[in-house]
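In this chain, numbering begins with 1 at the start of the sequence shown.
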Amino acid sequence: MTRSSPLTSATSLERALAAASPRLSPPPVTPASLAIHGAAALLFVAACLCAAFASNALAWAPGFVYVAYDVALTILVLVATGRQASVLHRTEAPPPTLAVVVAARNEANALPRTLRALLDQADPPDLIIVADDGSRDDTAAVLARDFAFVPPPLGGIATSATHPTLRWLKLPHGGKARALNAALLAADVDIVLTVDADTLPAADAVGAFRAAFAADPNLVAAGAALAPVCEATGVGRLLQAFQHREYARNALVFAAWARLGMLLHIPGAFAGFRRGALVAVGGFDPSGLVEDYELIHRLRRHAARHGLGWTTGMVATSATTDAPAGLATFLRQRRRWFCGFLETQLWYRDMVGSACYGRVGSLMLPFKAFDTLQPLHGLVAMALLPMLALRGHWSTLLVAAALLVVKAVFDVVFQRRSARQPINVGAGLLTALVGLVSFEILRQIGAALGWVAFLTGDRAWRPQPRSGLVAARDTDAA
């Protein structure tokens, strides 16, 4: 492992980013991309016009689009999930070296538990770097007390006196992406895992990632299933229940996309990357609102343009991560996520509909084009329901209710598949229906706020206060 300053090679990383990022060299809008995004916009406008002027069932046209699109994608994912996964053959080469990077800013409460989970791995990492992004809380005192650190100078790196593989990289505040890049340059390893300071990997996590990257030399980025935990308030318990279902569904969806060779979304709270590929494309982009999501697009773009067989996938392990436990915090998170999704779709617009990028260009990114407006279809559809009742459109309401039940049934099928165990179908159906008129609306409002932020250029956001893992730790201790 190199002990040199991580800041000395930052310029080369910036040059690689400039060469690989369409944000810095904006591509033209291709006819295929224009047609696909235009079709998505026209569909939304047409559905809203039907809702405004139709006197029959088309008065709920946005709802038809919302349910039909969601059910169609669900069927596609279920079919893909049933496909045989590719077999990865273990090679005779030595296992890859692996470092874990924990980017942390003011995470003194959660950080010690995360570090202990990493130190206690069944297959310990070769290196753990705490990329301290200008913390102003008790992080320094906690690292000194719990891990016998002598604080390094700003820009320097120190080694724990009790844990030789544990490092503390002290940086000026520059954001998560810059902290990750600095740690990336400080780690002379094959594989880098990024773990949020409020995320607890399973005991087999490092070994599972190491084995996956060893088995597939083309694998350059991989994620794993996440389980959310919220502060144990009334609202927090409800949000945790719904987010748990959402995260389990996402894990199934991501695995399906990976089997189809077009996975673009890897949860940044817990992800693995081949370091050489990461350096080749310039690391994490500090200008992105969702740096992990944008990075996967850049890796895919670079691979296609240079004739590389790079792939992305999911690893059979998991982690627990802190999740928003309040409505305002939840909406701020979803606002940022969706605004970042929109800006990434804009930056990589020339890939949409392009067969040059394989299934990512011809299938996945067109889906994403329609995803940009799908939450708005849902929000308008739910807003129309009371209006239809006031106007006495009972037959249309019955059709809408039937379609929502169909969507709920498919959600239960998803839940059964992701849980991999029997569940109470009646209770699951009731939960899905309640979620449609509560949690789903919250998600759609968050997406609408993301649209507002994207259109107005308001990219300001602040760190989200969370204490689910800390509260869980305190409960365990008691």
Side-chain angles (χ1 to χ4, degrees), residues 36-78 242-243 245-246 249-250 252-253 256 265 330-331 334-335 337-338 341-342 345 363-391 393-415 428-452 454:
I36 292 168
H37 284 96
L42 286 174
L43 180 62
F44 179 67
V45 171
C48 290
L49 288 175
C50 286
F53 297 108
S55 57
N56 52 21
L58 288 177
W60 201 61
F64 294 150
V65 175
Y66 173 66
V67 174
Y69 181 79
D70 188 82
V71 169
L73 278 183
T74 300
I75 293 173
L76 175 61
V77 169
L78 288 174
F242 284 118
Q243 288 179 96
R245 287 168 53 89
E246 178 192 26
R249 177 189 176 102
N250 287 345
L252 194 64
V253 170
H265 193 163
F330 177 84
L331 289 175
R334 298 313 169 99
R335 168 186 176 271
W337 283 3
F338 204 82
F341 160 61
L342 292 174
Q345 190 76 7
L363 287 177
M364 176 52 71
L365 283 171
F367 282 141
K368 294 296 183 183
F370 282 86
D371 281 347
T372 60
L373 292 171
Q374 177 67 357
L376 302 187
H377 281 285
L379 195 60
V380 173
M382 294 304 173
L384 284 172
L385 293 177
M387 297 174 63
L388 291 171
L390 290 173
R391 292 162 61 185
H393 287 198
W394 302 113
S395 60
T396 302
L397 277 174
L398 285 175
V399 173
L403 287 174
L404 290 175
V405 170
V406 169
K407 184 182 183 307
V409 168
F410 274 88
D411 286 344
V412 172
V413 172
F414 240 105
Q415 184 185 2
L429 185 59
L430 178 61
T431 302
L433 288 170
V434 171
L436 277 174
V437 297
S438 56
F439 182 71
E440 288 300 313
I441 293 177
L442 279 177
R443 291 177 66 242
Q444 293 154 9
I445 291 173
L449 293 174
W451 260 110
V452 172
F454 175 73

CD1 of Ile445 to CZ of Arg334, rounded to nearest 0.5 Å, is 12.5 Å
At what distance, to the nearest 0.5 angstrom, does CG of Leu390 lie from CG of Leu385?
11.0 Å
With rounding to the nearest 0.5 Å, note down the distance linking NE2 in His265 to NZ in Lys368.
7.0 Å
Can you run down the side-chain hydrogen bond (donor to acceptor under 3.5 Å, both in side chains) pairs that involve residues 42-51, sequence neighbours left out, and say none if there aren't any?
none
Sort and list the pairs that fulfil side-chain hydrogen bond (donor to acceptor under 3.5 Å, both in side chains) and have at least one residue in residues 399-414, not counting sequence neighbours.
Asp70-Lys407, Arg249-Asp411, Lys407-Asp411
For Thr372, give me all partners under side-chain hydrogen bond (donor to acceptor under 3.5 Å, both in side chains), at least two apart in sequence or on another chain.
none
Does the side chain of Leu449 come within less than 4.5 Å of Phe338's, by heavy atoms?
no
Of all residues at least two apart in sequence or in a different chain, which pass the side-chain hydrogen bond (donor to acceptor under 3.5 Å, both in side chains) check with His37?
Ser33, Gln345
Val452: what forms a side-chain contact (heavy atoms from CB on, under 4.5 Å) with it, not counting sequence neighbours?
Thr456
Mind checking what makes side-chain hydrogen bond (donor to acceptor under 3.5 Å, both in side chains) contact with Gln243, not counting sequence neighbours?
none
side-chain contact (heavy atoms from CB on, under 4.5 Å) for Val434 and Phe439? Distances and angles first, verdict last.
CA-CA 8 Å; Val434 171; Phe439 182 71; over 6 Å; no
Using atom types as modelled, flag every donor-acceptor pair under 3.5 Å from a side chain in residues 40-67 to any protein atom, sequence neighbours excluded.
| residue | atom | partner | partner atom | Å |
| --- | --- | --- | --- | --- |
| Asn56 | OD1 | Leu58 | N | 3.0 |
| Trp60 | NE1 | Ala381 | O | 2.9 |
| Tyr66 | OH | Gln444 | NE2 | 3.1 |

Contacts of Val405 meeting side-chain contact (heavy atoms from CB on, under 4.5 Å) (sequence neighbours excluded), chain-then-number -> Val409, Leu433
With sequence neighbours left out, write down each residue that passes salt bridge (Lys or Arg N to Asp or Glu O under 4.0 Å) with Arg443, or none if nothing qualifies.
Glu246, Glu440
Using the side-chain contact (heavy atoms from CB on, under 4.5 Å) criterion, which residues pair with Ser395? Sequence neighbours excluded.
none
With sequence neighbours excluded, what pairs up with Asp371 under the side-chain hydrogen bond (donor to acceptor under 3.5 Å, both in side chains) test?
Tyr69
For the atom pair CG (Leu384) and CG (Leu379), what is the distance rounded to the nearest 0.5 Å?
10.0 Å
Scan for salt bridge (Lys or Arg N to Asp or Glu O under 4.0 Å) pairs involving residues 38-56, sequence neighbours excluded, and state none if there are none.
none
Find the distance between CG (Leu73) and CD (Gln374) and round it off to the nearest 0.5 Å.
8.0 Å
